[in-house]
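Because the structure is predicted, anything quoted here is derived from the model rather than measured.
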Amino acid sequence: MKKIFRYLSFAFISTVLTATPSIAADQIAFYYPPFGEFTLSTQSLETFAKEGKITKDFAFYAERATPQQLAQLRELLQQKFKVTPTLVSQFSYSPLGEKVVQRLGELIQTDTQKNGFYAIRGALILAATDPEGLTVVNVLRRFPSNSVRINFTEGLQVVSNLTDLLKRRDALVAFIQREANAEAETAKIDFSKQPDLRSPGNFRFSKITLQLKDQTRDRRLPVDLYLPQGGQLGDKETRRQEDKEIRGQGGNLSPSSPLSPPTSFPLIVISHGVASDRFAFAYLAQHLASYGFAVAALEHPGSNAQRFQRYFAGLAGPPEPAELINRPLDVKFVLNELQRLEKSDPRMQGKLNFQQVGAFGHSYGGYTVFTLAGAKINFGQIRQDCNPNKSLNLSVFLQCRANELTPGNYSLKDDRIKAVFTVNPFVSSIFGESEVRQIKLPFMVVSGSQDIVTPAVPEQIRPFTWLGSKNKYLAVIENATHFTALAESTEDNGVLPVPPAFLGPPSKDAHSYLNALSVAFFETYLLNRPEYQVYLQPAYAKYISKAPLNLSFLQSLTAEQLTPFVNGAKK
């Protein structure tokens with residue numbers, strides 16, 4: 001029993017330090033009946049962090065850890081967050097930040113065993129004044145209490161749940177990889193002889209920057225429109241027939257260079273994530289434009305990078321719950337304005353096809369395009385999951401902001417959208433199974449196995465099984481994080497304090513996956529070119545996959561297959 005307790009003690013301390021850089025003062029104390037009270041000095045952790053030395057005080061716990069665990073713990077103790085006191089203050093005093101810190105306070109208490117909310121908030125703000133940056137040790141040194149008492153009973157439950165979730169996630173990712181590899185083995189296609197969709201297409205394109213204003217909602221919406229240049233196009237049936245004739249004569253299909261260049265182009269709208277901007281997926285917009293798609297990358301003013309910069313500087317309030325409604329309305333407004341300009345602006349006159357509109361969204365943008373596809377906010381599910389919110393899923397804190405909205409049947413669906421591509425969306429609580437099942441459009445879901453912001457299993461993999469679409473696809477990128485999909489120059493860490501270690505491996509290969517899969521998906525379901533379906537299968541994903549960002553791809557996954565991995569697991 002003692003051996004188990006000692007191991008759990010170290011596991012819990014490590015997990016708390018990993019998850020929340022805000023613990024004790026001079027010592028960490030926790031009580032575990034019937035063994036009594038145990039303590040660990042702040043100085044021993046500081047010595048270990050700075051010098052790698054294990055003091056007598058720390059040895060009790062260190063002896064029960066592997067060398068790898070100790071190395072990981074030291075790395076976490078040394079991790080610096082370059083944040084300003086204003087930024088920390090703004091977040092911790094916001095409605096969302098208060099809920100996060102209150103949740104931490106249930107685990108990390110003062111020496112009088114009170115919720116540590118105020119102590120944690122004060123310590124974080126003071127630690128942010130350190131010239132070297134906010135670290136775990138800096139927070140420990142500024143915790144306004146002689147000691148911190150860990151709610152050990154609650155903490156062990158958190159450790160148990162988190163460990164269980166991570167094990168289930170890893171097992172499920174491994175299962176998906178096995179299923180995808182087994183399907184890939186049956187394919188007979190030599191992709192080395194097929195056009196490489198990772199390479200740019202043959203269309204030239206220009207970029208038109210628009211500054212749109214929705215007067216009714218007082219929202220300014222910057223939009224970059226990437227517009228292909230092309231000649232006269234015959235009807236689609238003629239184009240498909242010409243492609244068939246080429247293949248029938250022994251030639252290779254060249255999807256990026258149609259025989260009759262179009263003058264009217266299918267349109268794809270891109271919705272970015274929180275604290276991001278319209279440049280986050282410029283690489284993808286340019287790639288799609290090179291294949292003959294017009295792409296409109298917009299900015300959501302209530303949750304873009306500029307808004308967060310002003311918020312963190314104390315010049316604006318926090319993003320409002322109404323942003324959950326405003327974002328899809330932004331997209332609808334942009335489509336309306338483009339339809340108007342397409343008739344009057346010589347630069348785009350007659351060049352946009354609104355019968356062929358697709359949507360791409362990342363993170364908060366993923367939520368956005370789910371609503372445009374027909375999912376409605378499920379206020380019953382929100383009440384169930386958020387009162388109280390005991391989730392270990394960070395995105396649920398954001399989803400629970402819907403609890404502050406006036407319940408209603410908001411009209412957010414846009415029937416112009418015919419196909420949807422999402423990366424790292426959050427949907428579990430704000431929609432739930434009943435709403436996701438209403439979506440019938442062709443749908444692509446991309447997930448990163450190491451995403452700690454919108455975790456893969458509850459936010460993408462499980463909801464994928466709920467989709468009502470007959471044409472749906474799931475791509476899982478091993479070792480990818482929430483930031484892997486973003487353009488390297490705008491990886492949110494310019495606005496949000498994301499340490500480099502949390503960004504994951506270099507993202508070049510993941511970008512090439514998104515480029516290729518998006519071309520194949522939108523060619524198939526916007527232009528009705530079934531010859532592109534050859535790329536929408538596990539064999540192609542295996543062909544382009546590169547370690548460490550290994551790509552797995554499935555065309556089907558059932559709730560029954562997930563049962564061993566999700567039953568009993570909390571969000």
Side-chain angles (χ1 to χ4, degrees), residues 159-187 189 366 391-396 421-428 432-433 436-437 439 443-482 484-485 504-505 509-510 513-514 516-517 520-521 533 535-571:
V159 171
S160 176
N161 288 345
L162 181 59
T163 301
D164 182 53
L165 285 171
L166 294 178
K167 285 182 178 178
R168 289 172 183 269
R169 178 203 66 188
D170 293 344
L172 178 53
V173 170
F175 169 78
I176 289 172
Q177 289 174 330
R178 289 194 301 271
E179 290 290 299
N181 287 334
E183 290 188 33
E185 292 299 324
T186 64
I189 301 168
S391 176
L392 300 178
N393 178 343
L394 291 178
S395 75
V396 172
F421 194 118
T422 65
V423 182
N424 309 119
F426 59 78
V427 301
S428 62
E433 181 175 358
V436 174
R437 197 167 296 284
I439 296 175
F443 220 96
M444 173 84 76
V445 178
V446 179
S447 179
S449 73
Q450 299 300 316
D451 188 345
I452 63 172
V453 180
T454 56
V457 177
E459 300 304 328
Q460 293 106 47
I461 298 176
R462 193 177 187 187
F464 171 79
T465 68
W466 302 340
L467 283 166
S469 173
K470 295 180 180 178
N471 300 302
K472 60 181 183 179
Y473 305 91
L474 173 67
V476 178
I477 306 176
E478 187 179 15
N479 295 315
T481 71
H482 195 72
T484 299
D509 290 330
Y513 304 159
L514 295 181
L517 293 176
F521 179 75
Q533 282 187 314
Y535 297 98
L536 299 176
Q537 61 172 301
Y540 180 63
K542 185 175 182 179
Y543 173 73
I544 63 175
S545 179
K546 293 183 180 180
L549 297 171
N550 299 303
L551 176 65
S552 299
F553 190 90
L554 287 178
Q555 296 164 281
S556 64
L557 186 68
T558 67
E560 289 72 25
Q561 288 176 297
L562 294 189
T563 298
F565 307 103
V566 299
N567 268 11
K570 295 182 179 180
K571 290 178 181 175

By side-chain contact (heavy atoms from CB on, under 4.5 Å), which residues pair with [X], not counting sequence neighbours?
X    : value
T558 : E560, Q561
A475 : V446, L517, L551, F553
T422 : V369, F370, V420, P425, F443, V445

Apply side-chain hydrogen bond (donor to acceptor under 3.5 Å, both in side chains) to E433 and list each qualifying residue two or more places apart in sequence or on a separate chain.
->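 In terms of side-chain hydrogen bond (donor to acceptor under 3.5 Å, both in side chains), with neighbours along the sequence ignored, E433 is linked to R437.
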
Excluding sequence neighbours, so at least two apart, what forms side-chain hydrogen bond (donor to acceptor under 3.5 Å, both in side chains) with S552?
->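 Checked S552 against side-chain hydrogen bond (donor to acceptor under 3.5 Å, both in side chains); zero matches.
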
Any side-chain heavy atom of I477 sitting closer than 4.5 Å to one from Y513?
->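 SC-SC contact between I477 and Y513 confirmed.
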
Going through the distances and angles, do L474 and I176 end up as a side-chain contact (heavy atoms from CB on, under 4.5 Å)?
-> CA-CA 10 Å; L474 173 67; I176 289 172; 4.2 Å; yes

For [X] versus [Y], what's the shortest heavy-atom pair and its separation?
X    : Y    : value
E183 : P538 : OE1-CG, 3.5 Å
F464 : Q555 : CZ-O, 4.4 Å
D451 : H482 : OD2-ND1, 2.9 Å
G448 : N424 : N-ND2, 3.5 Å
A485 : V423 : CB-CG1, 3.9 Å
S447 : A456 : OG-CB, 3.0 Å

How long is the gap from [atom1] on [X] to [atom2] on [Y], to the nearest 0.5 Å?
X    : Y    : atom1 : atom2 : result
S469 : M444 : OG    : CE    : 11.0 Å
Y473 : L467 : OH    : CG    : 12.5 Å
Q450 : N479 : CD    : CG    : 5.5 Å

Carefully, step by step, assess F175 and L557 under the rule side-chain contact (heavy atoms from CB on, under 4.5 Å).
-> CA-CA 11 Å; F175 169 78; L557 186 68; 4.0 Å; yes

Classify the side-chain pair S395/N393 by whether it contains a donor and acceptor separated by less than 3.5 Å.
->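 On atom types as modelled, these side chains qualify, holding a pair under 3.5 Å.
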
For the side chain of E459 and the backbone of V453, is there at least one donor-acceptor N/O pair under 3.5 Å apart?
->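 No; judged by distance alone, with no hydrogens or angles, the pair does not exist.
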
Donor-acceptor contact present, side-chain T563 to main-chain A559, <3.5 Å |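 Yes.
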
Begin from the C-alpha positions of I461 and L172 and carry the test side-chain contact (heavy atoms from CB on, under 4.5 Å) through to its verdict.
-> CA-CA 9 Å; I461 298 176; L172 178 53; 3.7 Å; yes

Residue pairs involving residues 537-551 (criterion side-chain hydrogen bond (donor to acceptor under 3.5 Å, both in side chains); sequence neighbours excluded) =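 Sorted result for residues 537-551: E185-K542, E478-N550.
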
With side-chain contact (heavy atoms from CB on, under 4.5 Å) as the test, would you mind laying out the steps for V476 and Q460 before giving the verdict?
-> CA-CA 9 Å; V476 178; Q460 293 106 47; over 6 Å; no

Anything under 30° is parallel, anything over 60° is perpendicular, the rest tilted; go ahead and classify F521 against F421.
->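 It falls in the perpendicular class, over 60°.
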
